[in-house]
Structure formats: structure tokens, C-alpha cells
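Down below is the structure, laid out as C-alpha cells.
Reminder, nothing fancy here: chain letters follow the sequence lines and each chain counts from 1.
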Protein chains: 2
Amino acid sequence: MDIGEVAKRSGVPASTLRFYEEKGLIRSVGRQGLRRVFGGDILERLALIALGRVAGFSLDEIAHMLGSDGKPNIDRALLEKKADELDKTIQTLMAMREGLRHAAVCSAPNHMECPTFRRLLGLAAAGAIKGEGSGKRPRRR
Amino acid sequence: MDIGEVAKRSGVPASTLRFYEEKGLIRSVGRQGLRRVFGGDILERLALIALGRVAGFSLDEIAHMLGSDGKPNIDRALLEKKADELDKTIQTLMAMREGLRHAAVCSAPNHMECPTFRRLLGLAAAGAIKGEGSGKRPRRR
DNA sequence: GTACAACTTCAAGTCAACTTTAAGTCAAGG
DNA sequence: CCTTGACTTAAAGTTGACTTGAAGTTGTAC
């Protein structure tokens, strides 16, 4: 497979594939002339990378977990730590979602006078100040 | 209150407060000499801003919602849209969390051979390809 | 009255994860 | 033979949300 084929099949742009290679996240099996040739397992590896990204790992963390060579070298303790972080994020987001839903229908003349909203505000403020552990990365396109 | 006081009470660095002022997110009530003086309501406003950030709004969106003047001018439809987005994010994150938990305890010799893990992988890949709507911003310190 | 910490402005720097651009290489089709 | 389009590299640009640095001013404690 050449890079265009991988891009088409995986949905990951060629520029990103080159970038990932440069970062050591993926490797081509060789070249035909100048052109990279990828093996079929690249798609699985890209899926793994996508998984890591969604779970909130940085590319560097993912590179470390996947190792430069073959099979995933995953630290189970780290996985559980991330799962816990994810869980906390989920709790916060659920509170936020309820808060937004409430704010959208709340009849108080001004949100500031609504106790539900004020509780939410406190939560957000607390989260903003001490909330160091979340670490979700954006996916902008 | 001077800027240092606000920083101490809110946990928001002075540099960020100046930046927020420049962006139109907050305003000082005046100056003493060169120094900004803030009213007590600044803390509430900062909490609102924190709330918006956690909920996934950009600073520009927040500036728009809060209006340049006083009371929040919140678009209810937009709130519900964000709540829905948040809900989708939560669903994905919950799946991820389960996947991570599973991966951490899975006994398959290699994650690739575990059907649970493979299902998760598919989910991540699908999310990475079509997943455009999440939009969580990072909070790095 | 002077030292100094805390403020001020403005410009530039940082970070992650890419994307874009410029300039070039190359196999295949007409 | 020559054009075309997909590839190549290296370097620079983008975005959002800040932070940092340099150079200057000021309120307060001694």
C-alpha cells in the first residue's frame, strides 16, 4: 500500500501519516523509489493510535505505549489511571450537561438567581481551579 | 480588589485576567493610578467563564454569550446543542473507559486477539474518522 | 525618602497536533 | 517524448489559550 491508499482506507490524511512517521508512531515497511510502502497492519496500528487519542493520551504517550517495534507494550497501571481520569471527566461532564440543560429551560429571570445554576457554577469554578487531571485533547479539523 | 487579589481568590493568574480583559471577557470597574480595580462580581463572572470552558465553549463563544455589559445573554438553543454534544462525548468516553478497564485486566496474550478490545478499536477508529463534533478543549498547566 | 514588591504595557514566545507551501522526483498514459 | 498527478522533503504556518520578557511606574513599609 502506498500512502494514498492508507490515507483513503484509514481516513487519516497523508500529511498526518508522514507526521506520525516522523514522530515514531508508525513505520513504513520500505520504499519503492521514493515512495513509502506500508504493510496491512498499519491500519490496525492507526486504529490503536486513534483509540489512544480518544482516550486522552498525547501522541508522545501513545508512542511510548506502542513501542518502536511490534506489539503494544501497555502499562496496565497507566491504563487504569487513565480510566479513572476518564471517569472523573465523565462525572464532571455529566454535571455540566445537566447544568446546561437546566439553564436552557430555567425560568428564573436571571441565571444568577437560580440555585441549580449557582451550584453548577460552584462546580465549574472548583473544577477550573483544582482540575488538573483531566487532559482531554481537542480534535480540530 | 486589585488584580493580585482577584488572582488569589479566583485561582486565575493575573496574566490571564489581563488577557481576558483584552479579549473582552471581563472588565475592571476603574483604575487607581495605573492599577486595575475589580468589583466583587468579577469572581462570579470568572466562575461563569470557567463553566463555559469546562462545557467546551471557546473564549469567543463565551464572550458572545456573556455580552460586553452585565447579565448573561444566553442562547438557549445553543445551550441545548452543547448539551447534546456533551452527551455524545460522554457516551464515547464511557465506552473508552470500559475499554481501558478491560484492557487493563484482559488476559488475552495480546490485546489484538481479544474481541472486546477489537470492538473498542473499531469504535475508536470510527470515532476518529467521523468524529467531528466533540470539541473539548485542553487545560494544560 | 527610598527600597521593593506588585503592578503596568506591548510584543513575542510556547505548546500540541497538524497543515500548508515550495520545490523537486517519478511512473504511467496519450 | 511529454504531461500529469501522486508522491517526496524541509521548513514554515495555523489555532487557541495563554505565558513570558523587557522596560517602566507606583503604593506601601521601613
Are the charged groups of A:Glu5 and A:Arg9 less than 4.0 angstrom apart, N to O? yes

How many Å lie between NZ on B:Lys8 and C1' on C:dA5, as a whole number? 12 Å

In whole angstrom, what separates A:Ile26's CD1 from C:dC18's P? 12 Å

Is it the case that the side chain of B:Glu61 and the backbone of B:Ser58 share a donor-acceptor pair, with hydrogens and angles ignored and the cut-off at 3.5 Å? yes

On the nucleotide D:dA6, are OP1 or OP2 found under 4.0 Å from the side-chain N or O atoms that A:Arg36 carries? no

With respect to the phosphate group of D:dA17, does any side-chain polar atom (N or O) of B:Tyr20 fall under 4.0 Å of OP1 or OP2? no

Protein and nucleotides 20-28 of chain D: nitrogen or oxygen contacts under 3.5 angstrom:
from   : atom 1 : to      : atom 2 : distance (Å)
D:dT26 : O2     : B:Arg35 : NH2    : 3.1

Just the rounded figure in Å: distance from P of C:dT8 to CG of B:Asp2. 7 Å

Carboxylate-amine/guanidinium proximity below 4.0 Å for B:Arg118 and B:Glu113: no

Whole-Å distance separating the NZ atom of B:Lys23 from the C1' atom of D:dT19: 15 Å

Does the distance from a Lys or Arg side-chain N to an Asp or Glu carboxylate O, for A:Asp84 and B:Arg97, drop under 4.0 Å? no

Partner of A:Ser28 under side-chain contact (heavy atoms from CB on, under 4.5 Å), picked from A:Arg18, A:Met1, A:Arg35, A:Arg36, is A:Arg36

Taking OP1 and OP2 of C:dA17, is either one under 4.0 Å from a side-chain nitrogen or oxygen of A:Thr16? no

What is the distance from CD1 of A:Ile3 to P of C:dT19, rounded to the nearest Å? 12 Å

Cluster question for you: counting only ILVMFWY and a side-chain heavy-atom cut-off of under 4.5 Å, with indirect links fine, are B:Leu100 and B:Met94 together? yes

Side-chain atoms of A:Leu59 come closest, of D:dC18, C:dC18, C:dT9, to C:dC18

Can you check the B:Leu17 CG to C:dT9 P distance for me, whole Å? 12 Å

When rounded to whole Å, the CZ to P distance for the pair B:Arg31 and C:dC7 reads 13 Å

How long is the line joining CZ of B:Phe19 and P of C:dA11, in whole Å? 15 Å

A:Glu85/A:Lys81 salt bridge by N-O under 4.0 Å criterion: yes

